[in-house]
Amino acid sequence: MLKINPAEFFVQPNKALDLSTIPTKVTPVFKSASQYSKILSEHISQLSEIQELLYASNSFSVLIILQAMDAAGKDGAIKHIMSGVNPQGCQVFSFKHPSPIELQHDFLWRTTRNLPERGQIGIFNRSYYEEVLIVRVHPQILISEGLPNVVDIGKTIWQERFNSICDLEDHLYLNGVRIIKFYLHLSQEEQRKRFIERLDAPSKNWKFSQADIDESHFWPQYRVAYEECMAATSTSEAPWYVIPADDKRNARLIISRIILDNLSQLKMAYPKASPARKKELNQIRKQLKAQTFPKASPSTTHAGG
């Protein structure tokens, strides 16, 4: 089994990023299907333990952001990696087209109102980053956002939004929110294959629409948008990771390992009871030990008929 090194996938801050030089498929970190299941199971178990500690310590919250082109495997990654997490401590939000009400607010509003509270893990399947991705590829969307003085859409507005995002993430970090961002790096050929699989499998037909094909024609524009976006907003406090996504199972193991490595760096501990609290708990224990209950009468059964 190959060791997963998160640093290999980390996007260096303020350094030009060229996705064409980054592979969409790497040597698998597992040798067989059974070993894949074993490693994933171990990761899920560790994540479950850390999530319990996260909930008990109540000092931090975690926000996991997943971005990608269509069919890259975001839904599957969430389903498999988070399968062992207590549902009470995890929330998943998917962001599609903004509603009329959401368009009446600033571009960060609809996502920030769903940020995880302390002790919780929040997952954004797409996020506020759509505002510098799909909106950049389709700048006409800006018109529907009702922004003042949007006439000439140049690079200035995207840099301003990068700045707003970085300011938000800095603010969240200072308030105990730890953000981990993943870009699932899919090849066009693999996307084409997965589209065909969705069409051939009746149970997956609902996942496909003509819009998916239409958006795939903008692949070069999306690549530029992602490159500039991640280079401008990846920091040590809110890192971006580019995950080779042509192999779904390998991608899940890499993502889960990176999440575990980031969470293991948090200084968390189970709450310690004060002397007064310990005394109170000891009194409660004595009361419970002293409790007695009347013996239950033996049940009587009657034959039918």
Side-chain angles (χ1 to χ4, degrees), residues 1-11 29-30 35-68 73-94 111-112 114-127 169-184 234-245 248-273 277:
M1 182 184 74
L2 296 176
K3 185 177 180 181
I4 300 171
N5 180 10
E8 294 180 9
F9 309 97
F10 173 59
V11 176
V29 298
F30 60 95
Q35 189 181 48
Y36 159 76
S37 297
K38 181 176 182 294
I39 298 171
L40 183 61
S41 180
E42 290 172 352
H43 286 185
I44 290 171
S45 178
Q46 293 172 41
L47 183 57
S48 179
E49 292 178 4
I50 293 179
Q51 187 236 353
E52 184 177 344
L53 177 56
L54 177 74
Y55 186 83
S57 63
N58 200 38
S59 297
F60 297 96
S61 63
V62 176
L63 175 61
I64 298 170
I65 292 176
L66 296 172
Q67 293 283 163
K74 300 189 305 302
D75 292 341
I78 295 170
K79 176 182 177 181
H80 288 81
I81 295 170
M82 309 307 290
S83 60
V85 170
N86 187 335
Q88 295 184 73
C90 181
Q91 293 178 310
V92 180
F93 295 95
S94 295
T111 48
T112 51
N114 292 313
L115 287 168
E117 59 199 70
R118 287 190 180 88
Q120 298 278 322
I121 295 176
I123 300 174
F124 282 2
N125 185 345
R126 302 191 186 278
S127 66
E169 293 179 345
D170 286 344
H171 167 76
L172 293 176
Y173 182 86
L174 293 173
N175 285 274
V177 184
R178 295 299 178 262
I179 305 174
I180 314 169
K181 301 173 292 193
F182 296 100
Y183 170 65
L184 278 62
S234 184
T235 65
S236 57
E237 292 79 17
W240 270 109
Y241 296 93
V242 176
I243 308 300
K248 292 181 180 180
R249 294 186 297 180
N250 206 44
R252 291 166 192 162
L253 295 183
I254 295 171
I255 292 171
S256 56
R257 180 71 264 165
I258 291 174
I259 292 173
L260 286 170
D261 279 20
N262 275 269
L263 296 189
S264 65
Q265 296 174 22
L266 301 181
K267 296 180 179 180
M268 299 184 294
Y270 285 99
K272 292 184 178 180
R277 176 61 173 162

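In what follows, residues are counted from 1 in the order of the sequence shown. Atom set for the values below is all heavy atoms of this structure, side chains included, hydrogens, waters and symmetry mates excluded.
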Chi angles and distances behind the side-chain contact (heavy atoms from CB on, under 4.5 Å) call for Leu172, Ile179: CA-CA 8 Å; Leu172 293 176; Ile179 305 174; 3.9 Å; yes
Evaluate the criterion side-chain contact (heavy atoms from CB on, under 4.5 Å) for residue pair Lys38 and Phe30; output intermediate values, then yes/no. CA-CA 9 Å; Lys38 181 176 182 294; Phe30 60 95; over 6 Å; no
Go through Ile258 and Phe182 one step at a time and tell me if the side-chain contact (heavy atoms from CB on, under 4.5 Å) criterion holds. CA-CA 10 Å; Ile258 291 174; Phe182 296 100; 3.7 Å; yes
What's the verdict on side-chain contact (heavy atoms from CB on, under 4.5 Å) for Leu47 and Leu263, showing C-alpha distance, side-chain angles and the deciding distance? CA-CA 9 Å; Leu47 183 57; Leu263 296 189; 3.7 Å; yes
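Of the inter-residue distances, the one linking Phe60 atom CZ with Arg118 atom CZ reads 10.0 Å to the nearest 0.5 angstrom. Remark: Leu66 CG to Ser94 OG distance equals 9.5 Å, nearest 0.5 Å. Considering CE of Met82 and CD1 of Ile123, their distance stands at 4.0 Å, rounded to 0.5 Å. Within the model, atoms CD1 of Ile180 and CD1 of Ile255 stand 11.0 Å from one another, a figure rounded to the nearest 0.5 Å. A distance of 10.5 Å separates CD of Gln91 from CG of Leu115, quoted to the nearest 0.5 Å. Here Arg178 contributes atom CZ and Ile259 contributes atom CD1; the two are 16.0 Å apart, rounded to the nearest 0.5 Å.
Between Phe10 and Tyr241, the angle of the ring planes lies from 30° to 60°, which puts this pair in the tilted group.
You'll find the side chain of Ile44 reaches within 4.5 Å of the side chain of Ser83, heavy atoms only. Contact annotation: the side chain of Lys74 approaches that of Arg126 to within less than 4.5 Å [non-hydrogen atoms, C-beta and beyond]. Residues Asn262 and Pro239 are in side-chain contact: their nearest non-hydrogen atoms beyond the backbone lie under 4.5 Å apart. Counting only heavy atoms from C-beta outward, the side chains of Ile254 and Phe9 approach each other to under 4.5 Å.
Judged by distance alone, the side chain of Glu169 and the main-chain N or O of Glu237 form no donor-acceptor pair under 3.5 Å. Between the side chain of Asn250 and the backbone N or O of Val29, at least one donor-acceptor pair lies under 3.5 Å.
Minimum interatomic distance between Gln120 and Gly89 (heavy atoms only, all atoms of both residues): OE1-C, 3.2 Å. In this structure, Val242 and Val11 approach most closely via the heavy-atom pair CG2-CG2, 3.6 Å. Across all their heavy atoms, Ala56 and Pro271 have their closest contact at O-CG, 3.3 Å. Closest approach of Pro116 to Ser61, counting heavy atoms only: O-OG, 3.4 Å.
Applying the side chain to side chain donor-acceptor pair (under 3.5 Å) test to pairs two or more places apart or on separate chains, those with a residue in residues 252-261 are Tyr36-Arg252, His43-Ser256, Arg257-Asp261. For residues 46-63, the set of pairs meeting the salt bridge (charged side-chain N to carboxylate O under 4.0 Å, His left out) definition, not counting sequence neighbours, is empty.
Remark: Lys79 engages no residue in a salt bridge (Lys or Arg N to Asp or Glu O under 4.0 Å) (not counting sequence neighbours).
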